[in-house]
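Data first, discussion second: the structure below is written as structure tokens.
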Amino acid sequence: MTVVPPLGPYPATRLRRLRQADWTRRLVRETVLTPADLIWSMVVHEGEGRVPVASMPGVERLSVAEAAKAAVEARELGIPAIAIFPHIDGARKDATGSNAAHPESVICRAVKAMKAAAPEVGIMCDVALDPFTDHGHDGVIENGRILNDATIEKLVEQALVQARAGCDILAPSDMMDGRVGAIRTALEREGLQDVMIMSYAAKYASAFYGPYRDAIGSGKLGTGSVDNPGDKKTYQMDPSNTEEAIREVALDIAEGADMVMVKPGLPYLDIARRLVETFAMPTFAFQVSGEYAMIVAAGQNGWIDEDRAILESLSAFKRAGCAGVITYFAPRAARLLGA
Ligand code: PBG
């Protein structure tokens with residue numbers, strides 16, 4: 001608890017005194033954003049070169065070779081880690097997302113190329129089936145239900161394949177119950193005990209993931225090969241809940257998560273703050289695709305100053321107590337910060 005001494009009444013106290021110059025503002029600044037706070041969210045694709053993502057101006061899908069170059073760029077900018085997400089050809093998608101556990105998947109190839117190009121940069125991989133399923137859900141479906149335990153088996157295979165490719169941080173984003181424990185047990189069994197887990201612990205069923213579906217080419221929910229629910233509400237959290245986030249995070253920590261995440265970011269800053277205050281754990285926020293798109297779209301219309309909005313939004317996560325932010329703005333923000 002912060003103890004606030006009684007303030008002298010105005011005019012003895014004039015809070016504006018400390019705001020009068022840049023040097024005083026810098027002197028009393030409470031939190032500082034640096035490139036070391038950023039995890040670069042990046043989409044990789046199976047083709048060549050760079051392909052713009054229409055719903056996220058400034059974001060491109062990168063080939064494996066371009067991703068390796070980006071890892072070098074991250075090192076130069078002082079960005080500690082990159083989180084990669086796959087865009088795969090529709091022909092390789094199926095009902096159970098089998099390409100997720102393929103040792104030559106675009107994710108595994110990208111991890112190897114990126115670690116070879118810049119071994120000092122941490123690589124984080126999503127553990128989830130949705131980029132690989134033809135129905136776009138994060139799990140295996142039976143009679144319109146997303147199966148928990150059958151999905152965990154697939155996630156463990158995917159996690160092991162990614163870890164063997166050289167991934168440093170596994171980030172389960174699927175929200176199945178018990179998956180962190182199953183992945184941690186499998187890593188120990190395979191001698192991969194140093195692989196870190198950052199769980200998407202408090203992940204909400206959010207409208208702000210919209211542009212991501214475009215970025216990774218995942219189909220519209222409610223269509224596809226099987227009886228397919230039109231939303232993810234039976235596994236991702238209800239946006240109205242906060243106590244439940246405490247239970248989700250407590251379980252993931254008990255199961256072996258090294259770091260925890262809140263997702264989306266800015267609309268859930270209260271959750272981030274609560275988790276920081278409740279658990280003594282490195283807590284991250286994911287500034288998701290829709291948050292990115294909103295800032296860029298408003299900027300392009302001349303309605304906000306994009307650069308300032310980017311830095312202000314990222315600073316908010318530090319103020320809330322987050323250890324860092326996963327963001328598509330990472331390289332741009334690092335440059336704005338003078339890297
Ligand atoms: C996959 C996953 C999603 C995102 C990250 N991993 C989408 C979803 O759960 O529907 C969203 C990322 C973003 O919007 O930037 N489970």
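This one's a predicted model, so the numbers in the text were calculated from it and none came from an experiment. Side chains included, hydrogens not; waters and symmetry mates left out as well; all remaining heavy atoms used. In each ligand, atom 1 is the first atom listed, and ligand 1 is the first ligand listed.
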- To the nearest 0.5 Å, atom CG of Asp258 lies from atom CE of Met196 at 7.5 Å

- Message: Using heavy atoms and a 4.0 Å limit, tell me yes or no: is Gln287 in contact with ligand 1?
- Response: no

- Query: How are the rings of Tyr200 and Phe286 set relative to one another: parallel (under 30°), tilted (30 to 60°) or perpendicular (over 60°)?
  - Reply: tilted

- Stepwise side-chain contact (heavy atoms from CB on, under 4.5 Å) test for Phe317 and Leu33: CA-CA 9 Å; Phe317 296 109; Leu33 178 73; over 6 Å; no

- Message: Below 4.0 Å from ligand 1: does a non-hydrogen atom of Asp174 turn up there or not?
- Response: no

- Task: Can you establish whether the number of heavy atoms outside Asn143 located under 6.0 Å from its atom CG is more than 12?
- Result: no

- Query: Which ligand 1 atoms are under 4.0 Å away from a heavy-atom of Val288?
  - Reply: 13 (C), 14 (O), 15 (O)

- Item | Atom indices of ligand 1, in the order listed, that fall short of 4.0 Å to a heavy atom of Lys263 | 2 (C), 3 (C), 4 (C), 5 (C), 6 (N), 11 (C), 12 (C)

- Query: Counting each atom of ligand 1 from 1 as listed, which ones have a heavy atom of Ala128 under 4.0 Å away?
  - Reply: 16 (N)

- Message: Is it true that, when you exclude Arg25 itself, more than 12 heavy atoms of the residues, nucleotides or ligands shown sit nearer than 6.0 Å to its CZ?
- Response: yes

- Task: May I ask you to check whether Gln236 has an N/O atom sitting below 3.5 Å from an N/O atom of ligand 1?
- Result: yes

- Message: With a heavy-atom distance limit of 4.0 Å, tell me whether Phe286 approaches ligand 1 through its side chain, its backbone, both, or neither.
- Response: side chain

- Note on the structure: Among Val59, Asp126, Asp138, closest by heavy atom to atom 16 (N) of ligand 1 is Asp138

- Message: Looking only at side-chain N and O atoms, does Ser313 offer a donor or acceptor that is under 3.5 Å from a partner on Glu291?
- Response: no

- Considering the heavy atoms of Lys232, write down every atom of ligand 1 situated less than 4.0 Å from one of them. 8 (C), 9 (O), 10 (O)

- Within a distance under 4.0 Å of any heavy atom of Lys203, pick out the atoms of ligand 1 and give their elements. 1 (C), 2 (C), 3 (C), 6 (N), 8 (C), 9 (O), 16 (N)

- Message: Surrounding CZ of Arg164 (heavy atoms of other residues, nucleotides or ligands, distance under 6.0 Å), is the total greater than 12?
- Response: yes

- For Arg213, atoms of ligand 1 separated by under 4.0 Å from a heavy atom: 8 (C), 10 (O)

- What protein heavy atom sits nearest atom 12 (C) of ligand 1, and how far off is it? Tyr212 CD1, 3.3 Å

- Within 4.0 Å of some non-hydrogen atom of Tyr328, the atoms of ligand 1 are 12 (C), 13 (C), 15 (O)

- Query: CD of Glu48: more than 12 outside heavy atoms within 6.0 angstrom?
  - Reply: no

- Answer side chain, backbone, both or neither: which part of Ser289 comes under 4.0 Å from ligand 1, heavy atoms only. both

- Message: Counting only heavy atoms from other residues, nucleotides and ligands, does the tally under 6.0 Å from CD of Glu312 exceed 12?
- Response: no

- Query: To the nearest 0.5 Å, how far apart are CD1 in Ile82 and CZ in Arg75?
  - Reply: 10.5 Å

- Message: Below 4.0 Å from ligand 1: does a non-hydrogen atom of Met175 turn up there or not?
- Response: no

- Where ligand 1 meets Ser173 - atom numbers and elements under 4.0 angstrom, heavy-atom basis: 1 (C), 2 (C), 6 (N), 16 (N)

